[in-house]
Amino acid sequence: MKVLVYSTRKDERAFLADAFSGSGLSPQFEEIHLNARTAALAEGYEAVSIFVNDQVDAGVIEVLAALGVRVIALRCAGYNNVDLEAATQFSLQVVRVPAYSPYAVAEHAVALLLGLNRHIHKAYNRVREGNFSLDGLVGFDLHGKSVGVIGTGTIGQVFCSIMRGFGSQVLAFDPYPNQSLIDDGVSYVGLEDIYQWSDVISLHCPLTPQTHHLVDDGAIGRMKPGVLLINTSRGGLVDTQSVIQGLKSGHLGGLALDVYEEEADLFFEDLSDQVIADDDLMRLTTFPNVIITGHQAFLTREALQNIAQTTVSNLTLLAQSQPCINQL
Ligand code: NAD
């Protein structure tokens, strides 16, 4: 099976090459994203592999199907960027990597939380300039504080356990509560209680039509003043205008993002010599109590290896017309 691997990044190249070697599959690695302009490149390939910012809408799927592509292999867990209905309509099989290292993402969420709460980003710069003042660096103990977790699936579960280890009171919201977390002392409550009582809120639910802009003006207004909001899930969960207003009013005490709703044309690229036209993102970077990382929560060696191996295993199973549990 010939596979066109779109959106190949330098950091994953060696892991992918390793996983494909000896698999019998023929990969072609390309850095460009899959979208309406680049779909035609898939001519002659039976499968394409994509990442989080490839745009696979109905039009792209129609083009891929007409070119003879049969499989779309996501190298990630989230699949909000693929029109699954259109894929079914055009008989394209879609596979994903449902879990590659929940620890990688949960630990990054904790890193963002700790950095934000203890102002590590400011302290790092100060000390490098010989400024050892402690002004403005006061944080709070996480021990004993209420941490709200929205979505307790694979990643949210690990995040809850880490926060229990810190001695925080963990409040969780998920339509499907996890008994092992309840046994570990996590309290499942309604979304309103999460908003009302949490000193920290971390988002770990998927982006769906129901969760789009889950954090909007109304939600922020119901949150505890000074709350720290962490989003390592998907940018579209948060209404950017609302968090900017929340930060300006001081109601939001801090914001840490690894994902951004308009990240598709920005993240994973070195744009340091260009003028960035996204005023909202640039406004966010001006707040002293905002930390943004460019969708790197998954970026550990373990995760990259698992992603590469699972992607190759998914493709191999479909190439052999065998059932694959990772098929959507
Ligand atoms: P998962 O499917 O295992 O868990 C998602 C959980 O959210 C499930 O328990 C589900 O019941 C729950 N949920 C669904 N709708 C909800 C709602 N309206 N409110 C509250 N909970 C709801 O997914 P996961 O592997 O834990 O990943 C979570 C998200 O993290 C993914 O959807 C993906 O978008 C994101 N992610 C980000 C990165 C990164 O690098 N930043 C990496 C991997 C995954």
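We count ligands from 1, going down the list as the structure has it; atoms in each ligand are counted the same way. What you see is a predicted model; the values in this text were computed from it and never measured.
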Going by the 4.0 angstrom heavy-atom rule, the piece of Phe159 near ligand 1 is neither
What protein heavy atom is closest to atom 29 (C) of ligand 1, reported as residue, atom name and distance in Å?
-> Ser233 OG, 3.2 Å
Could you tell me if any non-hydrogen atom of Ile150 lies under 4.0 Å from any atom of ligand 1?
-> yes
Where is the tightest heavy-atom contact between Ile194 and Phe173, given as atom of each residue plus distance?
-> CD1-N, 3.7 Å
Do the numbers put Arg283 on top of the ring of Phe287, so that NZ or CZ is under 6.0 Å from the six-membered ring centre and no more than 45° off the axis?
-> yes
Short version for Ile155: what comes under 4.0 Å of ligand 1, heavy atoms counted, is both
Contact atoms of ligand 1, heavy-atom distance to Gly151 under 4.0 Å = 7 (O), 20 (C), 21 (N)
Which option out of Ile307, Val105, Leu214, Thr232 puts a heavy atom nearest to atom 37 (C) of ligand 1?
-> Thr232
Arg234 touching ligand 1 at heavy-atom level, < 4.0 angstrom | yes
Give the atoms of ligand 1, by number and element, whose distance to some non-hydrogen atom of Tyr176 is under 4.0 Å.
-> 11 (O)
Is it true that Ala99 lies under 4.0 Å from ligand 1, counting heavy atoms only?
-> no
Under 4.0 Å from any heavy atom of Ala297, which atoms of ligand 1 are there?
-> 39 (C), 40 (O), 41 (N)
Quick check: are there more than 12 heavy atoms from other residues, nucleotides or ligands sitting under 6.0 Å from CZ of Phe267?
-> yes
Distance in Å, Gln309 CD paired with Leu304 CG, rounded so as to fall on 0.5 Å steps | 11.0 Å
is_close_aromatic(Phe298, Phe51), centroid dist under 6.0 Å = yes
If you measure from CG on Leu315 to OG1 on Thr310, what distance do you get to the nearest 0.5 Å?
-> 11.0 Å
Side chain to side chain contact (heavy atoms under 4.5 Å, CB included) between Leu84 and Tyr79: does it pass, once the steps are laid out?
-> CA-CA 9 Å; Leu84 289 183; Tyr79 47 89; 3.7 Å; yes
Among His108, Gln157, Gln210, His295, the residue with a heavy atom nearest to atom 39 (C) of ligand 1 is His295
Reference residue His119; test side-chain contact (heavy atoms from CB on, under 4.5 Å); the match among Leu134, Leu137, Asn289 = Leu137
If we number the atoms of ligand 1 from 1 as shown, the ones under 4.0 Å from a heavy atom of Tyr100 are 42 (C), 43 (C)
Relative to each other, are the rings of His295 and Phe268 parallel, tilted or perpendicular (30° and 60° limits)?
-> tilted
Donor on one side chain, acceptor on other, Tyr103 and Thr300, under 3.5 Å = no
Protein heavy-atom contact under 4.0 Å for atom 27 (O) of ligand 1?
-> yes
Does atom 2 (O) of ligand 1 have a protein heavy-atom neighbour under 4.0 Å away?
-> no
Of the listed options (Asp258, Asn80, Leu257, Thr211), which comes nearest to atom 18 (N) of ligand 1 when hydrogens are ignored and any heavy atom counts?
-> Thr211
Tell me: protein heavy atom nearest atom 19 (N) of ligand 1, and distance?
-> Phe173 CE2, 3.3 Å
Main-chain N/O of Thr211 paired with Thr208 side-chain donor or acceptor, under 3.5 Å = yes
Atom 11 (O) of ligand 1 has as its nearest protein heavy atom Asp174 OD1, 2.7 Å
Given Pro206, Gly153, Gly235, which one has a non-hydrogen atom that is nearest to atom 7 (O) of ligand 1?
-> Pro206
